[in-house]
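Below is one structure, written out as structure tokens; the observations come after it.
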Amino acid sequence: MKSPFEMSKESMTAYGYKIVDEVVNHYAITNQKKPVTKASRLEMDAIFLQEAPENGLPAEDVLKFVMQNVIPNSNISTHPKSFSFVPGPSNFISTMADTLATGFNIFSGGWMLSPAAAELEIVTMNWLLRIFSFPVKRGGGIYTSGGSLANLTALTAARSIKCGEDFSNAIIYLSDQAHSSNIKAIHILGFKKEQIRMIPTDFEFKISINKLKNEIAKDKLQGKKPFCIIATAGTTNTGSVDPLEAIASICEQENLWFHVDAAYGGAAILSEKGKIALLGIEKADSLTVDPHKWFFQPYEIGCLLVKDKSWLSNTFSEKPEYLKDIEGNESEINFYDYGIQLTRRFRALKFYMSIKTFGLQSFRKAISYNIKLAEQAEYFLRNSKNWEVISPANLAIINFRYHPLDINLTQKELDILNHKISEKVIESKEALLVTTILQNKVVIRMCLINPNTTLKHIKETLKQCEFFAEEILNT
Ligand SMILES: Cc1ncc(COP(=O)(O)O)c(C=O)c1O
């Protein structure tokens, strides 16, 4: 039988070039587009909701339909005015690398099936181990789909190494600013609510060391088994870094697993300021970093580093008979033994190609620029009479709110006002700018990790916010 999916070389070339042209054009003119798109389920259903066709359509028609309906109905995470959540600035080399990896459909699960893919995962992992001052020989790691899966993988290993089979009495500690993926992972792993200690943060949004120590002491007195502390290095809300050195000492004294969730902030270690902010990160047993955030990679690539790679293989290795032939020797790593997935896409390729092409120097430059940009934004806000800074520039994140000094507004009114400002900005589609809540206040948050974002973009958006604020106050 002739494969029903076969296409001629000419038609594949024409089709492929069309897509490449679209992507290149997207990179070239991103700044001229609006970053925000909004559509209801009803509107989307009206366009897309159809039964799967029994007979196919011409490939060009399907592509045209996609370009007209799918792409314009997606927010542009690479846009310089995409300020919210954690933007995805990405880069073109990695985008093409992903296309290459998918084009050749390279299986990145076991050594035997693609030695080069496994080797590049080992090599780039070694680069990361060195960057974070982890031991290269004993240490190791694995690429995951993102930070959530890296945290889940880390906590699975932590539970297995520290608690073995019985974890009914084990207690895990994290701050009220830790990312929700950690709580999700803890639940997936079968811990009960009573086994989680959510420790309050201080005025800098860092875990309170005194309260953490008190909770551990209390739990020990009650016969519980403290087993793991999750520190955050770059919280999603404010970019704050928990006191890593102090937590490392507690973990050492109490024999606890030290996990650092640096999914957001980890990359900052490549900058001078970030290096200082992240002192102590090298003491972690396990460390999540997310290349698809501040290492400028396209989705999906997360990463888990561990001090001892045998912790991963001891936790995840299974030896089914159908994988016997591809087991290989110990140095030829089968990454299916290090984590949850067996079939895995070739994530290391984009990281490898972009670092080889641009050099670490470019990453250092971009990250240092981002940190400085947030500081400049803070300076600008502090010198404007209508703005109040709620959390200072911290690893390229800043939180603030519109708070005119010459008008008397209650906390509630300020919350409503700032919420409405963000709604109006989004409605205008000019910038993606949403709120978060800090110290019970609704605040506007900017995450400035896009190297194409300039102070001009920020000032334009703030001006727009001021315009909307006046409009709201005058109605
Ligand atoms: C600190 C932190 N940890 C974990 C995650 C989850 O990462 P992902 O969305 O890649 O699963 C995020 C996402 O923003 C984060 O900021």
Side-chain angles (χ1 to χ4, degrees), residues 132-134 151 154-164 166-187 189-266 276-288 305-308 311 391-392 394-395 438-440:
F132 287 99
S133 304
F134 267 45
N151 284 335
L155 297 177
T156 310
R159 185 191 66 177
S160 158
I161 303 296
K162 283 284 179 206
C163 310
D166 181 12
F167 55 93
S168 53
N169 215 16
I171 307 288
I172 190 161
Y173 305 82
L174 72 174
S175 91
D176 60 18
Q177 290 293 309
H179 191 265
S180 57
S181 60
N182 292 292
I183 295 288
K184 226 189 225 183
I186 293 166
H187 286 316
L189 289 170
F191 290 96
K192 298 197 189 93
K193 249 192 179 145
E194 310 85 83
Q195 294 175 275
I196 307 169
R197 299 286 175 268
M198 189 86 91
I199 311 294
T201 42
D202 59 18
F203 68 100
E204 289 183 300
F205 307 97
K206 300 175 179 183
I207 196 166
S208 157
I209 291 293
N210 279 341
K211 288 182 180 136
L212 174 63
K213 281 184 177 166
N214 285 345
E215 284 295 324
I216 293 172
K218 224 163 70 190
D219 284 327
K220 278 169 52 185
L221 272 176
Q222 288 175 1
K224 310 259 183 230
K225 185 180 181 290
F227 94 100
C228 174
I229 302 177
I230 302 172
T232 310
T235 60
T236 320
N237 263 341
T238 65
S240 302
V241 179
D242 285 335
L244 300 176
E245 299 273 13
I247 298 172
S249 310
I250 298 173
C251 287
E252 201 181 355
Q253 267 167 24
E254 304 285 346
N255 190 22
L256 309 181
W257 185 282
F258 181 22
H259 176 60
V260 176
D261 178 1
Y264 171 70
I276 295 166
L278 296 172
L279 274 176
I281 201 166
E282 71 286 351
K283 295 188 174 148
D285 292 309
S286 56
L287 171 64
T288 289
L305 298 177
V306 287
K307 274 276 160 60
D308 186 335
W311 294 338
S391 78
N394 231 333
L395 300 187
L438 291 178
Q439 297 161 340
N440 294 321

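Heavy-atom basis, side chains included; hydrogens, waters and symmetry copies ignored.
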Contacts under 3.5 angstrom, residues 246-254 side chains, donor-acceptor by atom type, not counting sequence neighbours:
from : atom 1 : to   : atom 2 : distance (Å)
S249 : OG     : E245 : O      : 3.1
E254 : OE1    : K220 : NZ     : 2.6
E254 : OE2    : K220 : NZ     : 3.4

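- Under a 3.5 Å cut-off, the side chain of D285 and the backbone N or O of H259 do not form any donor-acceptor pair.
- Contact detail for A277 and L395: the closest heavy-atom pair is CB-CD2, 4.3 Å.
- Listed by chain and number, the residues in a side chain to side chain contact (heavy atoms under 4.5 Å, CB included) with D176 are M198, P200, T201 (sequence neighbours excluded).
- The minimum heavy-atom distance between L212 and Y173, with the atom names listed, is CD1-CB, 3.7 Å.
- T288 and N151 share a donor-acceptor pair across their side chains, judged by distance under 3.5 Å alone.
- In this structure, CD1 on I172 lies 7.5 Å from CD1 on I196, to the nearest 0.5 angstrom.
- Taking OG1 of T156 as the reference point, atom CG of L189 lies at 4.0 Å (rounded to 0.5 Å).
- Within a 6.0 Å sphere centred on NZ of K225, heavy atoms belonging to other residues, nucleotides or ligands number more than 12.
- Taking OG of S286 as the start and CG of D261 as the end, the distance is 9.5 Å to the nearest 0.5 Å.
- Put simply, the side chain of F205 does not reach to within 4.5 Å of the side chain of N237, judged on heavy atoms.
- The shortest non-hydrogen separation linking A178 to T232 is CA-OG1, 3.6 Å.
- Checking each of N182, I207, I230 against S175 for a side chain to side chain contact (heavy atoms under 4.5 Å, CB included) leaves exactly one that passes, namely I207.
- In this structure, I216 and I229 have side chains that are in contact, with non-hydrogen atoms separated by less than 4.5 Å.
- Using a 4.5 Å heavy-atom cutoff, the side chains of N394 and T235 are not in contact.
- Distance check: K193 NZ to I183 CD1 gives 10.0 Å after rounding to the nearest 0.5 Å.
- Ring geometry for W257 versus W311: interplanar angle of 30 to 60°, hence tilted.
- One distance of note links CZ of F191 with SG of C228; it measures 8.0 Å at 0.5 Å rounding.
- Proximity of a side-chain donor or acceptor of R197 to a complementary backbone N or O of E215 within less than 3.5 Å is not detected.
- Between K162 and N255, the closest side-chain pair of non-hydrogen atoms falls below 4.5 Å.
- Residues that satisfy the side chain to side chain contact (heavy atoms under 4.5 Å, CB included) test with S208, not counting sequence neighbours, are N210, K211.
- With hydrogens and angles disregarded, a donor-acceptor distance shorter than 3.5 Å links the side chain of K307 to the backbone of A284.
- Contact between A233 and I281 at its shortest, heavy atoms only, is CB-CD1, 4.2 Å.
- Heavy atoms only, all atoms of each residue included: A185 and L155 are closest at CB-CD1, 3.9 Å.
- Residues L244 and K283 form no side-chain contact, since every pair of their non-hydrogen atoms from C-beta on lies 4.5 Å or further apart.
- T236 contributes atom OG1, which lies 8.5 Å from atom CD of Q177 (distance to the nearest 0.5 angstrom).
- Checked by atom type and distance alone, the side chain of E282 pairs as donor or acceptor with a backbone atom of G280 at under 3.5 Å.
- Looking at Q195, its side chain does come within 3.5 Å of a backbone N or O of K192 through a donor-acceptor pair.
- Of all heavy-atom pairs between F227 and A170, the closest is CD2-CB, 3.6 Å.
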